[in-house]
Amino acid sequence: MRYGLAMRYVGIALFLLFTSAVAAQEWTPETIRSDYQRLLEWRFTGKPITVPAGGLSWTRDTATWTLESGEIRLQEPTSTGAVTGLVFKGRGRFQMSVPDPVERRHLGRITGHPEMEAVDETFTQMVLRCSDELIAELVQPPAAEPYEPDETARKRHKQWLEKRMTDVDARVVTGILTPGDRYLRAEMKTDSFDWLTYEYDALQREEIQLRNFRLNRFTEIWVSLDRPEDRDANGRPSGERGNIIDVEHVDLKVDLTGRRRPITVGLSSTSMLDAHCEAVVRFTPLVVGARALPLELDPWAKVRSVRTESGEELVFLRDHLGGRTANLRKEVYDPSLVILLDRPLSAGETRTLTVDYDLFMSNFAMGRGWYPNLPDNFNDVHTAKLWIDLREKQEVRAIGTFQEETVADGIRTSVWTVDRPTKMVSFSFGSNFREKRLEIEGIPTVISFGPQVSKGFGGDMIGNVGADVVNSLKFFYWLFASELPVEQMQLTGIASGHGQAFEGFLHLSEYTYAGEQTGASEAFRAHETAHQWWGHEIGWESYRDQWLSESFAEYSAMMFVETTMKDGDKLFEEMLQMYTNLMTGSLKGALFSKFARPWLVGIELSDIERVGPIALGYRASTAEIPYGYTIQAYNKGPLVLHMLRRALNLFGQGDDLFVEILRDFVKNYQGKDASTADFIATVNKIAPGDWTWFFDQWIYGTDIPTYIWSYEMPRTANAQGQWVVTLNVKQENVSPGFMMPVPVAIDLGGGRIGTFVAQVDQPEKTFTIPLPAKPRSLDFNPGFAVLARVKKR
Ligand SMILES: [Zn+2]
């Protein structure tokens with residue numbers, strides 16, 4: 001109960017009469033649900049409140065709103081009198097300073113105003129929602145009023161639900177029921193940037209975000225900050241999390257014998273089906289006193305019931321988005337699942353809730369979204385047990401250890417346990433799948449389980465795929481000098497175009513079972529295998545550090561191709577060329593190379609300029625380039641690691657320093673979540689000098705230099721017998737201070753190749769290079785040593 005709000009208006013007789021009758025009764029899940037339904041009608045006072053002379057103003061952390069003049073309408077209160085929304089029309093001003101230098105830089109980049117360090121915007125409309133008493137403190141609610149729909153508010157709320165899949169009413173209700181939550185969402189129609197959203201959400205790792213739903217199709221996150229108490233001295237996020245619970249264990253009973261739909265996917269024409277799932281989630285509370293449990297679940301899941309330990313049904317909130325608009329499939333629900341608890345969460349207790357739901361799926365379960373989970377969940381590990389029912393002629397493989405299988409009445413039941421806490425669990429199944437076991441000394445047993453999708457293809461694809469995983473495991477055992485804590489590695493084919501790695505269990509696209517594309521097939525399989533280290537053994541601290549998983553897995557796979565395959569160096573070079581072309585806007589070969597990602601073709605260079613750096617993780621994406629993160633993590637990240645390796649080659653013997661860094665990083669962070677700063681510290685510990693500048697440029701920055709180079713060959717040797725070459729390099733398209741050591745390979749004839757390192761750190765620089773013999777030719781930036789556009793003048 002929150003008495004504070006009702007007590008504040010004791011002097012207003014009518015209002016008191018209006019609320020007291022309702023507020024007197026205890027809040028129950030039913031009254032909360034009816035409040036939620038009332039909020040969803042988005043009704044506001046018919047008679048507007050005029051903004052008083054001098055305006056209204058409030059501050060949250062570094063943000064200040066000022067309503068200078070205009071009119072306000074208040075949202076219909078909840079049964080306890082809480083006012084959770086207002087609509088404003090008039091003249092307003094929003095100011096927000098950005099204490100984090102990385103975020104300030106991104107704000108300048110994404111707004112297209114590089115000098116912009118803070119937000120200072122006038123606005124003409126605002127829809128505000130909150131779970132605390134902000135509105136009551138700001139304006140005195142009127143006496144009992146008729147409430148009526150407001151067009152501005154209705155449009156905003158509909159857009160949040162139908163286009164952004166965000167149920168703000170469920171979030172506000174969660175906030176009211178959670179001590180210290182203070183949820184706030186203010187969406188303003190600004191003069192420069194159309195609608196801007198400021199949100200404070202204690203459930204998010206970084207609570208404060210400024211967003212722009214650009215082109216009416218994609219949410220760009222312009223600024224993201226930790227709440228003030230979690231920020232470090234530089235305003236940067238600390239990594240503190242805001243989870244309400246800690247999930248310990250999940251029992252998953254999955255029935256795959258259900259109705260198959262006339263919808264098929266993939267090469268194998270796998271039918272979509274209605275699976276029935278029962279997830280029994282055991283957890284301990286982290287926020288004592290919370291009465292609502294906000295979870296996430298696959299939007300394609302239809303929740304039938306949520307039950308307590310004793311079987312009592314709980315009320316839950318989950319909007320049926322697909323029922324609202326023809327733009328969404330009928331089966332689609334809001335991804336949030338808010339469970340209204342029978343009693344507040346209390347310290348030290350363990351609770352177990354059962355969620356019963358139908359899930360629309362093909363022949364695999366993706367990620368962790370398919371069972372109830374915490375938002376932003378990858379740091380929360382848990383154990384699991386799976387019971388999977390399927391038709392007798394089908395077979396299933398799951399993460400963990402196989403326990404037993406029984407067949408009765410044409411139904412096969414397969415039981416698996418996951419005893420080592422893990423980020424997510426999954427399975428995959430199919431008819432006519434074959435399996436091959438590969439037992440090789442020194443590495444986990446590889447079990448390759450896949451579909452026969454290539455009719456008429458003579459090769460043993462199940463064996464080929466398994467052999468690549470065996471070979472890449474052997475290579476990575478050597479490269480990282482690290483062993484995996486699993487006894488077996490299962491690979492399974494899925495009716496999809498992607499791959500995903502679970503611990504000791506890989507999902508591989510069925511396309512990889514359809515035939516071989518020399519280099520590309522091996523790289524794909526090795527990439528998923530490398531995730532056993534990059535992602536699982538060494539986790540990532542926050543989304544900002546996710547390149548430690550994706551880029552490292554990709555570059556490790558590229559090194560596997562380079563080192564172990566016939567003509568590996570050529571295949572490796574082809575991948576580097578392809579990724580460089582993508583990053584520099586060159587489409588040369590993009591359509592024809594087997595390493596091409598066809599969906600990346602056609603990028604405008606001007607659109608690339610708004611894409612964020614690797615260090616912003618998924619936030620690198622923009623409305624114009626929604627796969628911006630993919631480019632940064634899968635293409636640029638591996639090139640950055642390659643640059644680091646090449647730069648370190650200048651100091652050590654071959655790859656010794658680079659390999660030592662990988663091994664040290666794996667050794668120190670195995671079983672932990674690492675950050676970009678942790679990797680930089682490892683490099684600085686092992687490599688000579690301080691490499692922080694390198695990561696500032698390539699991980700935190702987005703500059704890609706253009707080098708225009710030329711050289712003059714001497715006609716004769718000088719008096720000392722030296723041949724002095726003059727090298728001129730122009731550097732463009734970079735911020736002041738950008739620098740890179742660029743190698744120049746010099747062919748001195750007779751098989752002698754010398755390397756000169758040009759320290760390029762100015763717009764134009766001339767180098768004189770004395771040589772012992774007459775050079776034949778110079779090669780600027782050989783071997784993709786620096787990611788750059790290189791032009792010879
Ligand atoms: Zn990956």
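Remember, it's 1-based here, ligands and their atoms both numbered in the order they're listed.
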Q: Would you please indicate if the ring centroids of Tyr555 and Trp534 are separated by under 6.0 Å?
A: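 No.
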Q: Is any N, O or S atom of Glu528 under 2.8 Å away from the Zn ion (ligand 1)?
A: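 Here the distance criterion (N, O or S atom, under 2.8 Å) is not met by Glu528, so no.
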Q: For the Zn ion (ligand 1), give me the closest N/O/S atom belonging to Glu550, just the atom name.
A: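 For Glu550, the N/O/S atom sitting closest to the Zn ion (ligand 1) is OE2.
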Q: Would you check if there is a donor-acceptor pair between the side chains of Glu554 and Tyr579 at a distance under 3.5 Å?
A: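 Yes, a side-chain donor-acceptor pair sits under 3.5 Å.
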Q: Where the Zn ion (ligand 1) is the corner point, what angle links NE2 of His527 with NE2 of His531, to 10°?
A: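 It is 100°, given to the nearest 10°.
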Q: Angle class for the Phe560/Phe475 ring planes (parallel below 30°, perpendicular above 60°, tilted otherwise)?
A: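 Phe560 vs Phe475 ring planes: tilted.
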Q: Going by atom types only, do Thr676 and Asp545 share a side-chain donor-acceptor pair under 3.5 Å?
A: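 Yes, because at least one side-chain N or O of Thr676 sits under 3.5 Å from a partner of the opposite role on Asp545.
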